[in-house]
Amino acid sequence: MELILIGALATWRLTKLVVYEDGIFDMFVILRSLHGLEKVTSCFMCASVWCAGVVVLFWVTVPFMVWLLAFSAMGIALESMAHGYSGHD
């Protein structure tokens, strides 16, 4: 059960990065602008399916990335609960 929660948190965080955030060196802006990815990356629910696949691939090859994403998601969730942070400045 804990692994499902870790995977879900990591998927949510990666999807949020891909759909809403710029990322370092605007890497997610560039990803969103690639031909053919505009529609997938403009819909959170659509992107989450593909991001879940990436998280599974990470889990098999570089598990620390899954933990990193999950811990980041938990940090954001805690910040939101403590201070009402919406993620948009």
Same apolar cluster: [X] and [Y], side chain cutoff 4.5 Å:
X: L14; Y: W50; answer: no
X: W59; Y: V62; answer: yes
X: L69; Y: M27; answer: yes
X: L34; Y: F28; answer: yes
X: L57; Y: F64; answer: no

If I take atom CZ from residue F71 and atom CG from residue L68, how far apart are they, to the nearest 0.5 angstrom? 9.0 Å
Are any side-chain N or O atoms of E79 and backbone N or O atoms of A77, one a donor and one an acceptor, separated by less than 3.5 Å? no
So, does T41 use its side chain to make a donor-acceptor pair with the main chain of L37 at under 3.5 Å? yes
Considering all heavy atoms, the nearest [X]-[Y] contact:
X: V66; Y: F58; result: CG2-CB, 3.7 Å
X: T11; Y: T15; result: O-OG1, 2.7 Å
X: V19; Y: C43; result: CG2-O, 4.3 Å
X: W67; Y: I6; result: CZ3-CD1, 3.6 Å
X: A73; Y: L9; result: CB-O, 3.5 Å

Tell me the salt bridge (charged side-chain N to carboxylate O under 4.0 Å, His left out) pairs involving residues 18-27, sequence neighbours left out? R13-E21, K16-E21, D22-R32
Decide yes or no for V18 and F44: does some side-chain heavy atom of the first lie under 4.5 Å from some side-chain heavy atom of the second? no
